[in-house]
Undergrad: 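Sharing a structure below in structure tokens format, with a few things to ask.
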Amino acid sequence: MKKIFGYPNSLTVNPTHYCPGCTHGTIHRLVAESLDELGLRERAVGIAPVGCSVLAYNYFNCDMFEASHGRAPAVATGAKRCRPDLIVFTYQGDGDLASIGMAEIVHAANRGEKITVIFVNNAIYGMTGGQMAPTTMPGQVTTTCPAGRNPSHEGYPIRVVELLSTLRTPAFIARAAAHTPLHVIEAKRVIREAFRLQAEDVCFSMVEVLSTCPTNWGLTPSEANKWLQENMVPYYPLGVLKRPDVDETPIPEVAASLKGA
Amino acid sequence: MAKVLMKGCEAIGEAAVRAGCRNFFGYPITPQTEVPEYLAKRLPEVGGLFVQAESEVAAINMLYGAAGVGKRVLTSSSSPGISLMAEGVSYIATCHLPVVLVNIVRAGPGLGGILPAQSDYLQATKGHGHGDYKLVVLAPSSVQEAVDLMYEAFDLADHYLTPVMVMGDGMIGQMMEPVEIPPMRDLDDLPAKPWAITGAKGRKPNIVNSLYLSEVACNANNWKMKEKYDEIVKREKRSETYGCDGEKLDVLIVAYGTMARICNTAMAEVVASDKQKRIGLFRPITLWPYPYEALAKEAEKAKQILVVEMSTGQMVEDVQLAVLGSRPIDFYGLTGGLVPSPDDVADKLRKILT
């Protein structure tokens, strides 16, 4: 009998700690399939964050770091700059990347580190039990905004990939989602593209993946998928926001007299 | 080899290059900025890597990544920056990664000032960041010694797989002195690092991690670290004495770094004016592990002890631990960037001796 479906080689065969209905498992698989298909597993280095995916090193069948909260892009910078032949990716949630780690992601993107960032946005802190994230939707109830996020008090959710797309440094930046099979197929396409660009030493690449958190949203998995579609997709539009090959106005270097003072 | 005149910070940078370090990540802060400035020019000349991080927090995490992939790596900072690095150093120590840190100490606490101080002693020697870890702390008292300790720091870090700090007061970083620069290490001779993150080709994945959700595993790693620290305590304590050759001392001074040199001058000044006085100086070179036994041995000769620091007396408790109440301990110190002069210390000595 021919095996037509199984674990990607880049995933370990381990029981998952993720909650039922959570899309982390799906996104792990998309990363692993991309590494397999591009033949990158033996050069791959993953960097796990602090948050629900803190244990990602148990699931990816490649060399792994576990970083401190928010600092994965800095760890990735150290690893990739010292070993440019490695394929370095971070896997971070929205608390990790968009709150405590905002400085590191902005500067890694701006330096054009040739790493791949997988940014899983489920609009809440999962691991600590459902607190408000910078990506929490207006009106969304969490344990630290029990009356719902109030934009006049907490501001509006941060659209991280839009923010990063304003940087002049060439990059591949996209947003996808993982709540329907069709969206998963598209997410796979952009994740694979992100890794391909790193493998070809082109640019910084990042994919935000809108994700569900049925447990902390207090919804069933199918309700959560619906909630993501109705509430998150309109605010966080899907698609490729920035490509490295788009011609931008050249920025002239400063006058030589200021260079070698 | 002929001596060259170099500023401390630049000599420290060159010593790192000579020691086989090709990777630097750091952030500007006075009075150590000449280390990154020097290496920004120097490292590309030897095919090395210099990255200016966006913060000390990022810099130390870049070190985590660089050490994790098996490279010799350095950062340099000054007191407030070293505080910001504490979390990252805790991760690095827990993951058994070798890195070298330079702290050119400035006056604190808070933003303090940019002038020399020794007020990071307790931070460096009693833990720094969270958890059961230790830093090996080397305290040079001259630019030459800073060079020699830098050269050795990378070997210590690689041997024990642990972070090593070279801690100099601002004077060590800013002063120019003639130094002999050691030869270039052959990069092919550096220790193999089979645990490093190099891509899981033909082997199981390597994982660099400090998370232990199992309390049993966390406990086991903490005791594995403790065993290593016990070994360092056994093997790596270093100190020097000056004027301690006789059998009796009226006063034994304990000081480290630049302060020890100033005390040496003060001691000579007092003895020159009163030949009857016998004064010795004990200088710890490793602040952790602290040379308790060597100090206890010298203290036995002395009627009393004087600790001199550019702090409010952070090393005093280690001296107390060394002598265990057997001798009176006096203290003299200035802070905030004020550096006790030889005359200041001599006055204090004369007061004690009368």
Side-chain angles (χ1 to χ4, degrees), chain A residues 9-12 17 35 39-50 54-88 90 100-111 113 115 127 260, chain B residues 21-25 27 41 43 48-75 84-92 94-95 97 99 129-130 195-213:
Chain A
N9 202 14
S10 295
L11 280 186
T12 60
H17 78 284
L35 293 174
L40 301 176
R41 188 193 73 85
E42 293 182 339
R43 288 196 284 147
V45 173
I47 302 172
V50 171
V54 68
L55 295 169
Y57 57 81
N58 283 336
Y59 306 131
F60 287 111
N61 183 25
C62 62
D63 279 6
M64 294 289 295
F65 281 95
E66 201 298 299
S68 59
H69 201 18
R71 316 302 172 210
V75 178
T77 298
K80 182 73 180 187
R81 290 285 187 121
C82 288
R83 284 289 306 268
D85 55 316
L86 298 175
I87 300 296
V88 179
T90 72
I100 195 166
M102 191 57 116
E104 283 73 16
I105 189 59
V106 169
H107 287 276
N110 192 53
R111 285 189 303 266
E113 299 297 343
I115 60 172
M127 179 64 99
Chain B
C21 174
R22 292 291 179 274
N23 305 287
F24 180 93
F25 302 87
Y27 187 80
K41 266 189 192 167
L43 280 167
L49 168 74
F50 171 89
V51 177
Q52 180 168 327
E54 61 270 32
S55 66
E56 289 91 347
V57 173
I60 195 66
N61 283 284
M62 291 174 186
L63 259 72
Y64 180 59
V69 300
K71 299 295 183 179
R72 287 198 160 179
V73 62
L74 172 71
T75 192
L84 281 173
M85 290 183 183
E87 184 201 29
V89 176
S90 172
Y91 278 63
I92 286 168
T94 310
C95 293
L97 294 179
V99 303
H130 60 286
W195 44 264
I197 297 284
T198 54
K201 187 176 183 180
R203 61 159 171 78
K204 285 187 175 170
N206 283 342
I207 296 171
V208 170
N209 173 39
S210 64
L211 176 68
Y212 292 93
L213 289 176

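Nothing here was measured: the structure is a model prediction, and the numbers come from that model. Every chain is numbered from 1 and lettered A, B, ... according to where its sequence line falls, protein lines coming before strand lines.
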Undergrad: Check each atom of B:R22 against the heavy atoms of chain A and say whether the ones under 4.5 Å are side chain, backbone, both or neither.
TA: neither
Undergrad: Out of curiosity, B:L213 CG to A:L55 CG, how far, rounded to the nearest 0.5 Å?
TA: 5.5 Å
Undergrad: When rounded to the nearest 0.5 angstrom, what distance separates CZ in A:R111 from CD in B:E54?
TA: 4.5 Å
Undergrad: Which answer fits B:A196, side chain, backbone, both or neither, if we ask what part of it has an atom under 4.5 Å from a heavy atom of chain A?
TA: backbone
Undergrad: Does OH belonging to B:Y91 count more than 12 external heavy atoms closer than 6.0 Å?
TA: yes
Undergrad: What are the two closest heavy atoms between B:A66 and A:C82, and how far apart are they?
TA: CB-SG, 3.5 Å
Undergrad: For the atom pair OG1 (A:T77) and CG (B:N61), what is the distance rounded to the nearest 0.5 Å?
TA: 10.0 Å
Undergrad: Compare all side-chain heavy atoms of B:I197 with those of A:R83 and state whether any distance is below 4.5 angstrom.
TA: no
Undergrad: For the atom pair OH (B:Y212) and CD (A:E66), what is the distance rounded to the nearest 0.5 Å?
TA: 11.5 Å
Undergrad: Side chain to side chain contact (heavy atoms under 4.5 Å, CB included) for A:E104 and B:V57? Distances and angles first, verdict last.
TA: CA-CA 9 Å; A:E104 283 73 16; B:V57 173; 3.7 Å; yes
Undergrad: With rounding to the nearest 0.5 Å, note down the distance linking SG in A:C62 to CG in B:N206.
TA: 11.0 Å
Undergrad: For A:D63, is there an ion pair with B:K201 - N to carboxylate O distance below 4.0 angstrom?
TA: no
Undergrad: So which of A:R81, A:K80, A:R41, A:R43 has the largest heavy-atom pair count under 4.5 angstrom toward chain B?
TA: A:R81
Undergrad: Check whether A:I47 gets within reach of chain B through its side chain, its backbone, both or neither, counting any heavy atom under 4.5 Å.
TA: neither
Undergrad: How long is the gap from OG on A:S68 to CG on B:L211, to the nearest 0.5 Å?
TA: 12.5 Å
Undergrad: If you take all heavy atoms of A:F65 and B:Y64, which pair is closest and at what distance?
TA: CE2-O, 3.6 Å
Undergrad: So which residue, B:S210, B:S55, B:G65, ends up with the most heavy-atom pairs under 4.5 Å with chain A?
TA: B:G65
